[in-house]
Amino acid sequence: MSTTIHYFGKIKSTEAIREIQDEFYEIAQVSGWTHELVDHVFTQEGDLQGNRLTLQGVRLVLNRQTTPLQLTFDKDGYLSHIYYEKAPVEMGDLMTKNGTPGGTRQLLHQIHTSTTVRSQDPESHKTLVKLLDYVKKRYVPNLEVIDNTGYWYSRDEAVLSTPKMELAKK
């Protein structure tokens with residue numbers, strides 16, 4: 001069982017992206033977390049107009065119990081995640097230079113950021129919430145968090161404990 005924490009908002013200024021990269025890079029090093037500075041430009045396959053999506057920030061992996069905390073921002077400063085998905089080539093795609101019948105193409109998607117935590121690991125959940133608190137105070141004042149455990153709002157550690165399953169007696 002796991003919980004996904006969704007978070008979205010806009011950084012106070014795009015200049016602060018470099019600050020968040022530097023600061024969280026240091027935090028990750030001191031904490032022993034895997035980290036990656038992000039500065040990517042994405043293009044849609046077959047896009048003849050040259051539309052590009054950019055992503056800047058830092059990704060942190062707290063441990064094996066969590067997916068990366070993505071403090072990554074699009075060109076307008078919104079917390080964002082961009083990824084490619086393979087999709088089958090359709091008839092309309094054959095007009096592009098890379099379209100081949102029966103082949104696949106890369107679709108580009110931009111979504112809000114989220115991190116998944118295994119429910120057996122309340123310490124990771126608490127650490128993640130503390131990090132998001134800090135991000136809200138220092139960088140993303142309008143940060144919104146959706147945490148279906150309720151911990152973000154209540155800070156009640158009891159909501160993080162996994163209920164024990166017992167067999168019913170006959």
Side-chain angles (χ1 to χ4, degrees), residues 1-45 47 50-86 106-162:
M1 190 80 174
S2 60
T3 298
T4 300
I5 300 169
H6 302 269
Y7 41 100
F8 42 97
K10 185 174 182 178
I11 197 161
K12 61 184 178 183
S13 73
T14 53
E15 293 79 28
I17 294 173
R18 174 55 67 196
E19 291 176 42
I20 204 169
Q21 283 178 314
D22 293 343
E23 185 171 8
F24 277 85
Y25 182 84
E26 288 181 30
I27 290 170
Q29 285 187 316
V30 169
S31 302
W33 299 332
T34 304
H35 53 283
E36 171 192 14
L37 291 178
V38 176
D39 193 2
H40 298 301
V41 176
F42 298 85
T43 57
Q44 180 72 48
E45 184 178 296
D47 181 4
N51 294 326
R52 291 190 164 91
L53 297 175
T54 61
L55 200 61
Q56 290 184 301
V58 62
R59 276 190 201 106
L60 308 172
V61 178
L62 307 181
N63 57 43
R64 291 182 172 184
Q65 311 306 320
T66 64
T67 59
L69 168 61
Q70 301 190 74
L71 301 175
T72 51
F73 301 87
D74 68 10
K75 66 179 175 39
D76 298 319
Y78 288 95
L79 277 163
S80 188
H81 176 59
I82 298 173
Y83 69 96
Y84 287 106
E85 175 187 32
K86 288 191 179 198
Q106 298 281 339
L107 289 180
L108 193 58
H109 297 284
Q110 181 172 351
I111 60 172
H112 68 271
T113 48
S114 63
T115 301
T116 301
V117 181
R118 289 190 184 163
S119 61
Q120 302 92 330
D121 190 14
E123 290 306 314
S124 293
H125 197 118
K126 290 189 284 188
T127 300
L128 178 63
V129 166
K130 286 177 186 174
L131 290 169
L132 290 173
D133 267 338
Y134 182 74
V135 167
K136 182 173 180 141
K137 286 178 187 156
R138 180 139 161 95
Y139 297 103
V140 185
N142 65 345
L143 182 73
E144 292 185 44
V145 176
I146 299 171
D147 177 358
N148 63 3
T149 66
Y151 183 71
W152 171 260
Y153 307 104
S154 70
R155 306 304 162 109
D156 179 5
E157 293 181 18
V159 301
L160 300 177
S161 63
T162 307

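Just so it is clear, the model here is predicted, and its values are computed rather than measured. Numbering of residues begins at 1 and proceeds along the displayed sequence.
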*Donor-acceptor contact below 3.5 Å, side chain S31 vs main chain A28*: no

*Count the heavy atoms of every other residue, nucleotide or ligand shown that sit under 6.0 Å from CZ of R138, and state whether that count exceeds 12.*
yes

*asked:* In this structure, is the centre-to-centre distance between the rings of Y25 and H35 below 6.0 Å?
replied: yes

*For T4 and T116, does a side-chain donor sit closer than 3.5 Å to a side-chain acceptor?*
yes

*Specify the closest pair of heavy atoms between T66 and V61, including all atoms of both residues, with the distance to one decimal.*
O-CG1, 4.3 Å

*Looking at NZ of K137 and CG of L132, how far apart are the two atoms once the value is rounded to the nearest 0.5 Å?*
11.5 Å

*Compute whether any side-chain donor of one residue and acceptor of the other, for N63 and S124, lie under 3.5 angstrom apart.*
yes

*Answer yes when D133 and R155 have at least one side-chain N-carboxylate O distance shorter than 4.0 Å, and no when they do not.*
yes

*Show your reasoning for whether side chain to side chain contact (heavy atoms under 4.5 Å, CB included) applies to V145 and I5.*
CA-CA 7 Å; V145 176; I5 300 169; 3.6 Å; yes

*When rounded to the nearest 0.5 angstrom, what is the spacing between CD1 in I17 and CD1 in I20?*
8.5 Å

_Rounded distance (nearest 0.5 Å) linking atom NE2 of H6 with atom CH2 of W152_ = 14.0 Å

*Can L60 and F24 be said to form a side chain to side chain contact (heavy atoms under 4.5 Å, CB included), step by step?*
CA-CA 8 Å; L60 308 172; F24 277 85; 3.6 Å; yes

*Counting distance only, does the side-chain N/O of T72 pair as donor-acceptor with the main-chain N or O of V58 below 3.5 Å?*
no

*asked:* side chain to side chain contact (heavy atoms under 4.5 Å, CB included) for Y78 and K10? Distances and angles first, verdict last.
replied: CA-CA 4 Å; Y78 288 95; K10 185 174 182 178; 3.6 Å; yes

*What distance do Q56 atom CD and R18 atom CZ have between them, rounded to the nearest 0.5 Å?*
7.5 Å

*So, does K136 use its side chain to make a donor-acceptor pair with the main chain of L131 at under 3.5 Å?*
no

*asked:* Would you compute the distance between atom CG of D121 and atom CG of L160 and round it to the nearest 0.5 angstrom?
replied: 10.0 Å

*asked:* Donor-acceptor pair, distance only, cut-off 3.5 Å: does the side chain of Q21 make one with the backbone of D39?
replied: no

*Quick one: do I146 and F8 satisfy side chain to side chain contact (heavy atoms under 4.5 Å, CB included)? Show the steps, please.*
CA-CA 9 Å; I146 299 171; F8 42 97; 3.8 Å; yes

*Summary of salt bridge (Lys or Arg N to Asp or Glu O under 4.0 Å) pairs that have at least one residue in residues 57-81, sequence neighbours excluded*: E36-R59

_Return the CG to OH distance between L79 and Y7, rounded to the nearest 0.5 Å._
7.5 Å

*For the rings on H112 and H81, is their centre-to-centre separation under 6.0 Å?*
no

_Sequence neighbours excluded, every pair satisfying ring-ring contact (aromatic ring centres under 6.0 Å, His included) that has a member inside residues 115-141_ = H125-Y151

